[in-house]
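What follows is one structure encoded as structure tokens, with my remarks underneath.
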Amino acid sequence: HTHTHINGSGDTMPQQFGIQIFSRIKPTSKAFSGVERASADAQEQIRFAVPKQESDGLVNNKKELFSFKFNRVFGPETSQAEVFDVVAKPVAESVIQGYNATIFAYGQTGSGKTFTITGGTESYDDRGIIPRALSYLFAQYSQRPSETFTTHVSYLEIYNESGYDLLNPNHNVKKMEDLPKVSMMEDGDGSVHLRNLSLVPVANEEEALHALFVGDTNRMIAETPMNQASTRSHCVFTIHVTSTTPGSALIRRAKLNLVDLAGSERVGKTGVAGTLLTEAKYINLSLHYLEQVIVALSEKSRAHIPYRNSMMTSVLRDSLGGNCMTTMIATVSAEQGNVDESISTCRFAQRVALIKNNVSLNEETDPKLMVQKLKAEVERLKSELALATGEAHSDEPLPSYEVDKCRELVRDFVGAGQGAGEINLADYRKISACFQLLKEMVLSRGKPELTSAGTGVHTVEYWQRLAEQRQQEIDRLQQQLQQPAPQRSGGSAANPDQTSDRGKEKPEVLEIPPDRREAFENFRRSYAGYHQIQKQKQRLKQLYGSAKQLGDTVRTAKQEVTRIKMTIESVRKSQAASSVLPAGEEGSMHPQEEALRTDLDQKKSEYRDSVEQLRQLKTEIEHLQHLLEKAKLKMHQDFELWFEQQEMQASIPSFDDLALSRVSTSSRTAASTRPATRESHGAGAARDRAADTSVDDDIAAFYRARDSLLRG
């Protein structure tokens, strides 16, 4: 493989970059002893020992030992944090520097692809690569104050060869068809553009994670025999990063594709049917086309690459053989029944490692910014020319926005203090405007200075009056909030539980009729994920308590810092008044002040550590809240399906009910068609017949049974 090192400025970059491959073994209680990890030639290996079966016959030339090399093999005990640090963190760093990157997971269904890319739902530590990458990117933004970053995200799902936008703002989505369809368009350069795919701007980590959870909620989940929470579609979560440096016309654009491919499966082994069978066909076909592309790229003699065979290969065109730093994670299962599929996954990874991508820095000149700079340069040169010749280059009055700029310059100049600040102007009109504004400021001294018509500076009395007005408004709002809410007309007193929860979002179960509510309570107690929901609630309660304690610690540390500062000032004043220091220590710090400074540094460190812990705790609380919302939504959806099935079963009458209903109907029909004269009701007596032969047989059987009872 081509191992690439990128320095902090992103100046050095090889022309070709080999796709890095990693392997992750899913933990299982039924691990096969023939699967093992090994190291060789600075690389790690995964080995499969498959013994020959007697059922295959005496002549058996099957291979028994398989060995595959990877950049790194992660064992079942590997944590999510370690996978991110080794695989995704260098990739995210390259995106910040301006390089396109892709991480995709490949493997059979149920091998841990979604867990690796998106994460699990049981704990905060189970976060996958996507949420960790978002957190890492925004943390890096804050450490680079000299650059300006803009981030957008998109979430595409490819289900049965049709693309869907998972970040659709419509929240009334109940099935996949409710989402807008995404179509592909290809330009003359061969670049693929996705139509109807939302590109959502995110300003911070919280907004980015919210977009991720909205997309995960809309994602298609179905159960298969191989995996009880199997994703039945390919998903591509893309992070678009744009960075600029103030004063520079260069702009860097990069994107990070995080791809969760649907798992391949053998239909003969899983035994799926119906919709699941159709999904499996589309999944296996698209993965087959992906393998065709990989094989074509690995063969240098191939001139045609079949990207257009499927939507997935078209979307990943840049990631496979294009301008992109690509990384693959092959997820394998160590169970004996899945060894064949795991070997096939490793073989696919070896072919992927042969591909070389041409990677370049995505840096361009912003045309709008360049035009602005050129216009400013022209204006500056005109002003310098006018100043040198002594003639104004324009007799037009100064525009209002230029007057506002002069006002800002004057205000900054006056507020800079003695001996500081300067105004550099070359336009006579601007110089005159600045002198006029300075004159207004001097003449209005002691009055509200240059308000909306001036510099916007006000006296202390003005701000005091404004503060009093704001305080009165706050007091009125507090009085309104403290007043009891009026009861609804035409009804009894409000329920205290409902009153206390006013303003909160009511769960769906509270709005259903009593019988439906009782059914939901019964369903919830027996629901498989109910225990996990309660566990998450308990964890949230613990986190809330920890956050409260940390908040108290932060508040106490801040108060201690303020108190120590005041004590140091008091010591300095008393020291200056007495001007007494121990002999020989005239230039040193007073021992008492030195001890106080040590305490101050310690309290500041405690304050910073507590603030950082509180920030991390806030992120974990928000993550668990989203997981809890998803679990509740899933439980309500499962209840609706279960309740509909129960209603359908209740509406279908039993066989006995059908028989009684038919006999009753037949009796009424016979009575209405029987002649008015009373005839003998013996077995051989003539009776009226209905048009339906089956009804006639039922009528005859009824009368025979009746005659038999009368005779008995």
Side-chain angles (χ1 to χ4, degrees), residues 114-115 118-128 130-131 155 157 166-176 178-179 206-223 227-233 235 237 495 497-547 617-647:
T114 302
F115 181 81
T118 305
T121 60
E122 293 188 2
S123 67
Y124 182 71
D125 294 334
D126 289 342
R127 290 176 302 153
I130 296 179
Y155 209 169
E157 177 173 22
L166 291 178
L167 297 185
N168 178 45
N170 182 17
H171 297 289
N172 296 324
V173 176
K174 295 183 179 180
K175 57 183 182 298
M176 180 60 58
D178 295 337
L179 292 171
E206 183 179 356
E207 292 183 5
L209 291 176
H210 177 70
L212 171 63
F213 286 118
V214 169
D216 286 340
T217 303
N218 291 333
R219 190 172 180 183
M220 187 68 172
I221 301 293
E223 292 186 352
N227 183 7
Q228 293 303 311
S230 176
T231 50
R232 310 298 296 165
S233 58
C235 285
F237 186 86
N495 190 339
D497 295 335
Q498 296 176 354
T499 305
S500 62
D501 291 339
R502 183 175 288 113
K504 299 181 180 179
E505 185 180 356
K506 295 292 189 288
E508 184 181 356
V509 67
L510 297 180
E511 301 177 358
I512 57 181
D515 55 342
R516 191 182 183 90
R517 184 189 314 166
E518 182 179 356
F520 178 76
E521 291 297 330
N522 296 333
F523 174 82
R524 184 174 64 174
R525 284 192 294 268
S526 60
Y527 185 64
Y530 180 67
H531 176 71
Q532 183 63 32
I533 293 176
Q534 295 300 112
K535 186 177 179 181
Q536 290 177 346
K537 286 183 178 180
Q538 187 65 26
R539 177 59 179 164
L540 272 178
K541 187 177 180 181
Q542 296 175 358
L543 292 177
Y544 286 142
S546 301
L617 203 61
K618 178 176 177 291
T619 304
E620 184 175 356
I621 288 174
E622 292 174 351
H623 182 82
L624 286 179
Q625 284 176 339
H626 283 295
L627 292 180
L628 190 60
E629 291 175 3
K630 285 175 57 179
K632 287 183 177 180
L633 178 62
K634 183 69 165 58
M635 181 173 65
H636 280 280
Q637 291 175 346
D638 292 344
F639 167 73
E640 292 297 334
L641 293 175
W642 174 83
F643 195 76
E644 289 180 2
Q645 294 175 356
Q646 297 299 318
E647 287 183 332

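In what follows, every heavy atom counts, from backbone to side chain, and hydrogens, waters and symmetry copies are set aside.
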Sequence neighbours excluded and cut-off under 3.5 Å, please list the side-chain donor-acceptor pairs for residues 534-542, or say none.
{"residue": "Q536", "atom": "NE2", "partner": "T121", "partner atom": "O", "Å": "2.5"}
{"residue": "R539", "atom": "NH2", "partner": "E620", "partner atom": "OE2", "Å": "3.0"}

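- In this structure, Y155 and C235 approach most closely via the heavy-atom pair CE2-CB, 3.9 Å.
- S546 meets the side-chain contact (heavy atoms from CB on, under 4.5 Å) test with L617; sequence neighbours excluded.
- The two atoms that bring A631 and I533 nearest to each other are CB-CG1, 3.8 Å, heavy atoms only.
- Ring pair H626/H210 is tilted by interplanar angle, where 30° to 60° counts as tilted.
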Worksheet item: Which is it for F523 and D638 under the side chain to side chain contact (heavy atoms under 4.5 Å, CB included) test, yes or no, and what are the steps along the way?
Response: CA-CA 9 Å; F523 174 82; D638 292 344; 4.0 Å; yes
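- In plain terms, the two heavy atoms of W642 and A519 that are nearest each other are CZ3-O, 4.0 Å.
- For F115, there are no ring-ring contact (aromatic ring centres under 6.0 Å, His included) partners at least two apart in sequence or on another chain.
- Once rounded to the nearest 0.5 Å, the distance linking OG1 of T619 with CG of L624 reads 11.0 Å.
- With sequence neighbours excluded, no residue satisfies side-chain hydrogen bond (donor to acceptor under 3.5 Å, both in side chains) with D125.
- Every salt bridge (Lys or Arg N to Asp or Glu O under 4.0 Å) that E206 has, sequence neighbours left out, goes to K618.
- In this structure, CD1 in I130 is found 10.5 Å from CG in L209, a value given to the nearest 0.5 Å.
- For the atom pair CD (E157) and CG (L167), the distance works out to 11.5 Å, reported to the nearest 0.5 Å.
- For Q532, the side-chain hydrogen bond (donor to acceptor under 3.5 Å, both in side chains) criterion is met by no residue, not counting sequence neighbours.
- Under the side-chain contact (heavy atoms from CB on, under 4.5 Å) criterion, H623 pairs with Y124, R127, F213, L627, not counting sequence neighbours.
- Shown here are the side-chain hydrogen bond (donor to acceptor under 3.5 Å, both in side chains) partners of E207, two or more places apart in sequence or in another chain: there are none.
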